Amino acid sequence: MSRVAVIGGGAAGMMAAIASAEAGHEVSLYEKNEKLGKKLFITGKGRCNVTNACATEELFDHVVTNPKFLYSSFYGLTNYDVMDKVEQWGCPLKTERGERVFPVSDKSSDVIRAFSSRLREVGVDVHLYSEVEGIEIKDGRVSGIRLKKEKKAVPVDAVIVATGGMSYPTTGSTGDGYEFAKKAGHKVTELSPALVPFVVKEQQTVKQLQGLSLKNVNVSIQKGEKSIYEEFGEMLFTHFGVSGPVLLSASSYVAKTLKKMPLTLSIDLKPALSREQLDARILRDFDEIKNKQFKNALIHLLPSKLVPVIVERSGISPEKQVNEITRVEREQIVEAMKNFRLTLTGLRDFKEAIITQGGVSVKEINPSTMESKLVGGLYFVGEVLDLDAVTGGFNLQIAWSTGHLAGISIE
């Protein structure tokens, strides 16, 4: 039996502590906040997207950075294993659109309660308001941890670092784990906010559209003429730019490129219709309202907020009568709807990011155990590692799986 210290009481830390205690170790969990799962509480807009019910092998397709590293983790604790455990621990789950899994109650607090209950059952010693300021290493192995409020070190045989990233710093994610890693000799890759809204150049346009949510649109992000990301789904206009599921996921794929240059976002507002079909639809609508002005002619095709913007982008006078609009002008309307362009200039910061991209280099971590290759008895799990995925429960699955693997790997 080993004495194990888990630093961080979020998703990865709680799972690691439970797995380690179930394996027969003496486990202490140190959380600097007043409660466990503070960031988990706000995930999924307070509903907690626990995992995704896709086929387990499909999990890898949704991981943006270092998916192959997760082979042992994902198969050691699959998404279906997570669902079984959470339900066994007293939180019934349901599956929604996109195979997203949520608690039946729609309350993230019920997920945290299930984990807290299990921590008690397996005898984990939970220390709240307990900030760890350092890890003691002797002869290439972990020997203890230093707590901020105590003078002496706490002797331990193994340490699991589950401190999260830099996103939502108000929840305690302030980068402590990266400092622990660096002091232990580990490389930390460049950190960027990920799953985060975009800032656009066309501020006047997005302010006009602020709050408008669009479903079933196709978005494409281009670097010059080359498309570097394309997805179909839901998006949202904000006072500074664009957000929503498809664009949050896009941020993880294009963040590094966007740091070097602006990118073009092209939105197809009517992806179900070809250009010819859309033109026919516009012509049909125009035939029914021949004497109306153009500015009032698109209300059946577009949300009201979008109408004046598309009218302006078409280059056609808003006062022009519909029966005077030419075929060439209709093509301009089609172009404005099928290729609604904005210039992406940057990303919002860590305060608004769901996760952090970058972290402890996985080249220095054993993927079969989550143990450091540099320091014996030192493990890194969850968001502190250079691992990230798109929205839909995949980042939490990374946390559960890596935490569990570290917990069961301690000797």
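All values below come from the heavy atoms of this structure, side chains included, with hydrogens, waters and symmetry mates left out. All figures in this text were calculated on a predicted structure; none of them were measured in a lab.
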Between Asp157 and Val142, is a side-chain contact (heavy atoms from CB on, under 4.5 Å) present by the stated rule, with each step listed?
CA-CA 6 Å; Asp157 304 302; Val142 160; over 6 Å; no
Might you confirm whether atom [atom1] of [X] has over 12 heavy atoms from other residues, nucleotides or ligands at distances under 6.0 Å?
X	atom1	value
Glu411	CD	no
Lys338	NZ	yes
Phe60	CZ	yes

For [X] and [Y], indicate whether the former's side chain and the latter's backbone hold a donor-acceptor pair under 3.5 Å.
X	Y	result
Asn395	Ala389	yes
Asp125	Ser28	no
Lys85	Met15	no
Lys305	Gln210	yes
Ser401	Ile398	no
Glu202	Leu342	no
Gln293	Val322	no
His25	Ile410	yes
Gln222	Leu263	no
Thr402	Gly382	yes

Would you call [X]-[Y] a salt bridge at under 4.0 Å N-O?
X	Y	answer
Glu335	Arg330	no
Lys363	Asp386	no
Asp110	Lys107	no
Glu31	Lys38	no

Which class fits the ring pair His186 and Phe380: parallel under 30°, tilted 30 to 60°, perpendicular over 60°?
perpendicular
Hey, what's the ring geometry for Trp89 with Phe115, parallel, tilted or perpendicular (30° and 60° as the breaks)?
perpendicular
Does a donor on one side chain sit under 3.5 Å from an acceptor on the other, for [X] and [Y]?
X	Y	value
Ser243	Thr238	no
Asn339	Ser266	yes
Ser192	Lys259	yes
Ser167	Lys39	yes

What is the minimum heavy-atom distance between [X] and [Y], and which atoms define it?
X	Y	value
Thr356	Ala194	C-CB, 4.4 Å
Gly358	Leu191	C-CD2, 3.6 Å
Gly164	Tyr178	O-OH, 4.1 Å
Ser73	Met370	OG-CE, 3.3 Å

The side chain to side chain contact (heavy atoms under 4.5 Å, CB included) partner of Phe294 among Ser317, Pro318, Ser314 is Ser314
Checking Glu131 against Lys149 for the salt bridge (Lys or Arg N to Asp or Glu O under 4.0 Å) test, could you report, in this order, the C-alpha distance in whole Å, the side-chain angles of both residues, the deciding distance, and whether it holds?
CA-CA 8 Å; Glu131 185 171 352; Lys149 61 184 180 184; over 6 Å; no
Verdict with reasoning, Tyr229 to Ser249, per side-chain contact (heavy atoms from CB on, under 4.5 Å)
CA-CA 10 Å; Tyr229 177 86; Ser249 290; 3.7 Å; yes
Could you check if a side-chain atom of Ile135 sits within less than 4.5 angstrom of a side-chain atom of Val159, using non-hydrogen atoms only?
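In short, these two side chains touch, coming nearer than 4.5 Å.
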Leu209 vs Leu306 side-chain heavy atoms within contact, under 4.5 Å:
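Touching, per the 4.5 Å side-chain cut-off.
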Counting the benzene-type ring for Trp, do Phe74 and Phe69 have ring centres under 6.0 Å apart?
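Ring-ring flag for Phe74/Phe69: false, centres at least 6.0 Å apart.
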Pair Arg327-Asp279, salt bridge (Lys or Arg N to Asp or Glu O under 4.0 Å): steps then yes or no:
CA-CA 9 Å; Arg327 183 176 60 79; Asp279 182 49; over 6 Å; no
Taking the six-membered ring of Phe340, is the NZ or CZ of Arg313 close enough (under 6.0 Å from the centre) and on axis enough (within 45°)?
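Checked: cation-pi criterion met.
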